[in-house]
Amino acid sequence: MADVQRLFSDFIAADRSGGDPEPLGYLERVKGTDRAELEALIDAYLARAPRRAFDEATFAASPSRTLRDELMHSLTGLAGAWPTLLPQLRHRAELKRSEVVERLAAELDAHGQEQKVGSYYHAMEQGLLAAAGVSDRVLKALSAILGESAEALRRAGRALAGGRSAGGPEAVFARVAQPDDQFAAEELAQGSPTMTEAGERDFIDELFTGGSDSGS
Amino acid sequence: MPAFEPESDDELQRRGDDALISYIARARDHGDLEAAGRGLAILVFGHWRNVERRVRMKVPAAHVEDVTGEIIVSAIQSAFGGASVGEFVKWLARITQRRIADFHRKPRVDEVALTGGEDDEGGTPERQLEGASEEGYVELRDAIERVLDRLSARDQQVVELRIFEDLLSAEVAERLGLTVANVDKIVSRFRRALRSALGDDGDTSS
């Protein structure tokens, strides 16, 4: 049976030398209380460990890059934490964005308007749509699809104080300037605008930009 | 509003977490999104791997990336939303602990789907991690803190330096003005208490 203290010291040495050791490789060498002790020690060590030095190449290939981009949308956008939360919930539910859009359109009785619903949903994920303008009905529909309560979704839209989500004239209505490639291509093929221009607002515009009570 | 000067990567690396978060917020408030993004990259990258490895010890591989992302997002959102308490790294550690416990508490759609599936002999992959339960995880995490809390401030220092900093007993003794024998005694007492808190029946094989 390997010695817990020696394994723990080996783990620390490997970590400090940049070896990037995996704890499970060490844990599988001990059993019972020894394993529990080693796990507790490694966990406590990692909880105390300082930030790693930045490495551009590793960062570019790491999931932390995607997360940083989503967090930037949250920190600088109109929709609070939606740019990080909505993709997370989608991944957890194992749904593609197109599947969420399809179900959202169905929940909102927006048959044949999937493109427009998709553009608005895309804007929510990108932080381009003011959270305050999105109706409770949309959030309830998303709640049923993504498995998070409508109240939690509303709170997330207000998170990150200091971002533009806090309010201001531009937070009342935001037009999607750059839909993602998928929707842009589909719109081009169908010749439809991303959203209805001012003066031609329909019930979908109301649901996504008219405020919490709209469309209820 | 005071002027904002972007800093180099080297300067940002030298900043502690809380100073880095403050820098990111100032960059954002001044509309310098490139500087904010750079600072955020250093913060997220710097913590990702340590959190990921903690998660991997208790969460099935298929969920590690999602749970790690949720933890880091939650900690950063709390820091920017003013909801975090104390140092960022301690807040991050607490959120990691809580989120892993939540993972084992909440039934997940994919777990339900796996139950009774093809992997009947060894259990589903969801259940193959030893001790992977909410109670097990909380007990494990609490054990270290509980045992540390019972020690005097000096003995806590000894354990932090000898165990978690992995200094030699002689180095700890010299730094704190103790004898080597005294350091070893304190460490030995800590490990016995820890093993006892983890349910050891007296086996001192290691």
Side-chain angles (χ1 to χ4, degrees), chain A residues 1-5 8-9 12-13 16 20-24 27 30 32-37 39-55 58-59 62-72 74-76 81 84-85 88 91-94 147 159-163, chain B residues 9 12-13 17 20 24-25 28-29 33 36-37 40-51 53-54 56-58 65-66 68-70 72-73 76-77 80-82 89 92-93 96-97 108-110 130-131 140-141 143-145 160 163-164 166 191 194-195 198-201 203 205-206:
Chain A
M1 178 66 70
D3 176 80
V4 170
Q5 184 59 48
F8 182 51
S9 292
I12 293 176
R16 288 185 177 163
D20 201 21
E22 273 296 345
L24 291 177
L27 295 180
V30 280
T33 307
D34 285 345
R35 180 186 164 111
E37 183 188 8
E39 184 172 338
L41 291 171
I42 290 176
D43 188 72
Y45 165 78
L46 291 173
R48 289 160 169 76
R51 224 171 51 218
R52 299 187 127 205
F54 187 71
D55 179 84
T58 312
F59 173 66
S62 156
S64 62
R65 168 70 187 266
T66 306
L67 189 70
R68 191 283 305 263
D69 293 346
E70 291 169 357
L71 276 164
M72 275 302 286
S74 285
L75 290 173
T76 60
T84 47
L85 180 65
Q88 277 175 2
H91 293 150
R92 194 188 294 173
E94 297 184 358
L160 302 180
Chain B
D9 281 2
L12 294 178
Q13 301 253 38
D17 289 331
L20 185 56
I24 296 165
R28 176 194 61 181
D29 294 345
L33 301 189
L40 198 54
I42 287 169
L43 184 68
V44 171
F45 178 83
H47 286 292
W48 178 276
R49 188 70 181 123
N50 288 337
V51 173
R53 286 185 292 176
R54 293 183 69 198
R56 195 177 293 282
M57 285 194 282
K58 279 297 176 187
E65 190 176 315
D66 283 350
T68 302
E70 287 168 19
I72 291 177
V73 164
I76 289 177
Q77 285 174 350
F80 280 91
V89 71
L92 181 64
T96 303
Q97 180 181 349
R108 298 171 76 90
V109 174
D110 46 353
E130 189 176 333
L140 194 71
R141 282 287 309 137
I144 290 261
E145 305 309 329
E160 290 288 348
I163 303 271
F164 298 116
D166 202 32
R191 287 195 56 200
L194 176 60
R195 291 178 68 86
L198 292 168
D200 190 17
D201 56 5
D203 171 22
S205 59
S206 63

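Order of the sequence lines fixes the chain letters, A, B, ..., with proteins taken first and strands second; residue numbering starts at 1 for each chain. Just so we're clear, the structure is a prediction, and the values are computed from it rather than from any experiment.
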Does any backbone or side-chain atom of [X] lie under 4.5 Å from a heavy atom of chain B? Answer side chain, backbone, both or neither.
{"X": "A/Pro21", "answer": "both"}
{"X": "A/Asp69", "answer": "neither"}
{"X": "A/Leu27", "answer": "side chain"}
{"X": "A/Arg65", "answer": "neither"}

On a heavy-atom basis, which atom in [X] and which in [Y] lie closest, and how many Å separate them?
{"X": "B/Gln77", "Y": "A/Ala81", "value": "NE2-CB, 2.9 Å"}
{"X": "A/Gln5", "Y": "B/Arg191", "value": "CB-NH1, 3.5 Å"}
{"X": "A/Arg51", "Y": "B/His47", "value": "CG-NE2, 3.6 Å"}
{"X": "A/Gln88", "Y": "B/Val73", "value": "NE2-CG2, 3.5 Å"}
{"X": "A/Ala49", "Y": "B/Asn50", "value": "CB-ND2, 3.5 Å"}
{"X": "B/Val89", "Y": "A/Ala47", "value": "CG2-O, 4.0 Å"}

If you round to the nearest 0.5 Å, how far is [atom2] of [Y] from [atom1] of [X]?
{"X": "A/Thr33", "Y": "B/Leu194", "atom1": "OG1", "atom2": "CG", "answer": "10.0 Å"}
{"X": "B/Thr96", "Y": "A/Leu46", "atom1": "OG1", "atom2": "CG", "answer": "10.0 Å"}
{"X": "B/Trp48", "Y": "A/Thr58", "atom1": "CH2", "atom2": "OG1", "answer": "14.0 Å"}
{"X": "A/Arg68", "Y": "B/Ile72", "atom1": "CZ", "atom2": "CD1", "answer": "13.5 Å"}
{"X": "A/Leu41", "Y": "B/Ile144", "atom1": "CG", "atom2": "CD1", "answer": "5.0 Å"}
{"X": "A/Leu71", "Y": "B/Ile24", "atom1": "CG", "atom2": "CD1", "answer": "9.5 Å"}

query: Between B/Glu70 and A/Thr84, do the side chains contain an N or O donor and an N or O acceptor separated by less than 3.5 Å?
result: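 Looking only at side-chain atoms, A/Thr84 and B/Glu70 do not form any donor-acceptor pair under 3.5 Å.
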
field: Contacting moiety of B/Gln13, where chain A heavy atoms sit under 4.5 Å
entry: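 Its backbone and side chain both get close to chain A.
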
Is [X] salt-bridged to [Y], cutoff N-O under 4.0 Å?
{"X": "B/Arg56", "Y": "A/Glu22", "result": "yes"}
{"X": "B/Asp66", "Y": "A/Arg92", "result": "no"}
{"X": "B/Arg195", "Y": "A/Asp34", "result": "yes"}

message: Among residues at least two apart in sequence or on other chains, which ones pass side chain to side chain contact (heavy atoms under 4.5 Å, CB included) with A/Thr66?
response: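 By the side chain to side chain contact (heavy atoms under 4.5 Å, CB included) rule, A/Thr66 matches A/Glu70.
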
message: Determine whether A/Phe59 and B/Ile42 satisfy the following criterion, side chain to side chain contact (heavy atoms under 4.5 Å, CB included), listing intermediate values before the conclusion.
response: CA-CA 9 Å; A/Phe59 173 66; B/Ile42 287 169; over 6 Å; no

message: Run the side chain to side chain contact (heavy atoms under 4.5 Å, CB included) test on A/Glu39 and B/Lys58 for me, step by step, so that the C-alpha distance in whole Å, both residues' side-chain angles and the decisive distance to 0.1 Å come before the verdict.
response: CA-CA 10 Å; A/Glu39 184 172 338; B/Lys58 279 297 176 187; 2.5 Å; yes

- request: Return the set of residues passing side chain to side chain donor-acceptor pair (under 3.5 Å) with B/Asp166 (not counting sequence neighbours), or none when no residue passes.
  value: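 Checked B/Asp166 against side chain to side chain donor-acceptor pair (under 3.5 Å); matches are A/Ser9.
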
Ring centre gap for B/Phe45 and A/Phe54 strictly below 6.0 Å: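 Under 6.0 Å, so yes.
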
